[in-house]
*Asks:* 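Starting off with a structure, shown below.
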Amino acid sequence: QVQLVESGGGSVQAGGSLRLSCAASGDTTGTYCMAWFRQAPGKEREGVAAIDSEDASTYAASVRGRFTISKDNAKNILYLQMNRLKPEDTGMYYCAADATARRPFIYMGRRVPAPLLAQLSWGQGTQVTVSS
């Protein structure tokens with residue numbers, strides 16, 4: 001019942017920065033955690049960063065130290081600050097919400113099983129392209 005809309009993607013040079021936003025609307029009560037996933041051409045969707053209702057966060061090893069996930073609860077907006085971007089960061093970035101548990105925390109840097117894909121709420125994605 002929650003609707004998610006991503007924005008902020010674009011094309012940047014390696015070493016540059018972008019900040020992605022995910023606006024949540026509808027019934028957002030009871031959301032246990034929110035997360036960012038990405039999918040590169042020919043690859044499976046994998047977890048990038050996740051944050052729970054207590055602001056505890058976790059990251060994929062490949063982005064740790066470069067990306068920061070945060071949220072504004074009053075505005076219902078999730079953010080992903082991406083610094084020192086690399087060409088391998090290129091992909092479609094998706095926002096997700098889990099109203100049941102903190103399941104996305106398990107899949108940072110890992111592909112998402114099909115059953116979980118169906119159980120989470122997803123946005124349409126925003127494209128990030130990093131050139132060398």
*Asks:* Of all the heavy-atom pairs spanning S131 and Q13, show the shortest one and how long it is.
*Replies:*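 Scanning both residues completely, I find the closest heavy atoms to be OG-NE2, 3.2 Å.
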*Asks:* Going by the side chain to side chain donor-acceptor pair (under 3.5 Å) test, which pairs reach into residues 104-115, not counting sequence neighbours?
*Replies:*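 Side chain to side chain donor-acceptor pair (under 3.5 Å) check on residues 104-115 returns no pairs.
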*Asks:* Please tell me whether Y94 and V5 are part of a single hydrophobic cluster in this structure, the criterion being side-chain heavy atoms less than 4.5 Å apart.
*Replies:* no
*Asks:* Which value, rounded to the nearest 0.5 Å, describes the distance between T90 atom OG1 and K43 atom NZ?
*Replies:* 10.0 Å
*Asks:* Could you give the distance from CE (M108) to OG (S57), rounded to the nearest 0.5 Å?
*Replies:*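 Between atom CE of M108 and atom OG of S57 there are 10.5 Å.
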*Asks:* State, to 0.1 Å, how close G109 and A60 come at their nearest heavy-atom pair, and which atoms those are.
*Replies:*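 That closest heavy-atom pairing would be N-CB, 3.5 Å.
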*Asks:* Within a strict 4.5 Å, meaning less than it, do heavy atoms of the R45 and L117 side chains meet?
*Replies:*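 Yes, their side chains come closer than 4.5 Å.
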*Asks:* Sequence neighbours excluded, which residues qualify as side-chain contact (heavy atoms from CB on, under 4.5 Å) partners of S53?
*Replies:*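 With sequence neighbours excluded, S53 shows a side-chain contact (heavy atoms from CB on, under 4.5 Å) to R102, given in chain and number order.
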*Asks:* Listed by chain and number, what are the side chain to side chain donor-acceptor pair (under 3.5 Å) partners of D55, not counting sequence neighbours?
*Replies:* K71
*Asks:* Who passes ring pair (Phe, Tyr, Trp, His ring centres under 6.0 Å) against F37, sequence neighbours left out?
*Replies:* W122
*Asks:* Test D52 against F105 for side-chain contact (heavy atoms from CB on, under 4.5 Å), laying out the working first.
*Replies:* CA-CA 9 Å; D52 67 13; F105 274 59; 3.9 Å; yes
*Asks:* Can you confirm whether S17 sits close enough to Q81 that some side-chain heavy atom of one is under 4.5 Å from a side-chain heavy atom of the other?
*Replies:* yes
*Asks:* Taking ILVMFWY side chains as joined if any heavy atoms are under 4.5 angstrom apart, and letting links pass through other members, which residues group with V128?
*Replies:* V2, L4, V12, L18, L20, M34, W36, V48, I51, Y59, V63, F67, I69, L78, L80, M82, L85, Y93, V130
*Asks:* Report yes if the side chains of R66 and K86 come closer than 4.5 Å at any heavy-atom pair, otherwise no.
*Replies:*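 Answer yes - side chains close enough.
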*Asks:* State which residues pass side chain to side chain donor-acceptor pair (under 3.5 Å) with D98; sequence neighbours excluded, sorted by chain then number.
*Replies:* R103
*Asks:* Enter the distance from Y79:OH to T68:OG1 here, rounded to the nearest 0.5 Å.
*Replies:* 14.0 Å
*Asks:* Suppose we screen for side chain to side chain donor-acceptor pair (under 3.5 Å). Which residues come up paired with T100, at least two apart in sequence or across chains?
*Replies:*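 Testing T100 for side chain to side chain donor-acceptor pair (under 3.5 Å), a comparison that skips the adjacent residues, returns none.
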*Asks:* Mind checking what makes disulfide (SG to SG under 2.5 Å) contact with C22, not counting sequence neighbours?
*Replies:* C95
*Asks:* Going by salt bridge (Lys or Arg N to Asp or Glu O under 4.0 Å), name the pairs with one or both residues in residues 28-42, residues two or more places apart or in two chains.
*Replies:* R38-E46, R38-D89
*Asks:* Only pairs at least two apart or in different chains count here, so list each disulfide (SG to SG under 2.5 Å) that has a residue in residues 26-91.
*Replies:* none
*Asks:* With sequence neighbours excluded, tell me which residues meet side chain to side chain donor-acceptor pair (under 3.5 Å) with Q124.
*Replies:*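 With neighbours one apart ignored, the set is empty.
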*Asks:* For P115, which residues count as a side-chain contact (heavy atoms from CB on, under 4.5 Å) partner, sequence neighbours excluded?
*Replies:*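 Partners of P115 under the side-chain contact (heavy atoms from CB on, under 4.5 Å) test: P113, Q119.
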*Asks:* Look at the side chain of E6 and the backbone N and O of G125, then say whether any donor-acceptor pair between them is shorter than 3.5 Å.
*Replies:* yes
*Asks:* Taking the side chain as every heavy atom from C-beta outward, state whether T126 and S7 have any pair of such atoms under 4.5 Å apart.
*Replies:*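 They are not in contact (no side-chain heavy atoms under 4.5 Å apart), so the answer is no.
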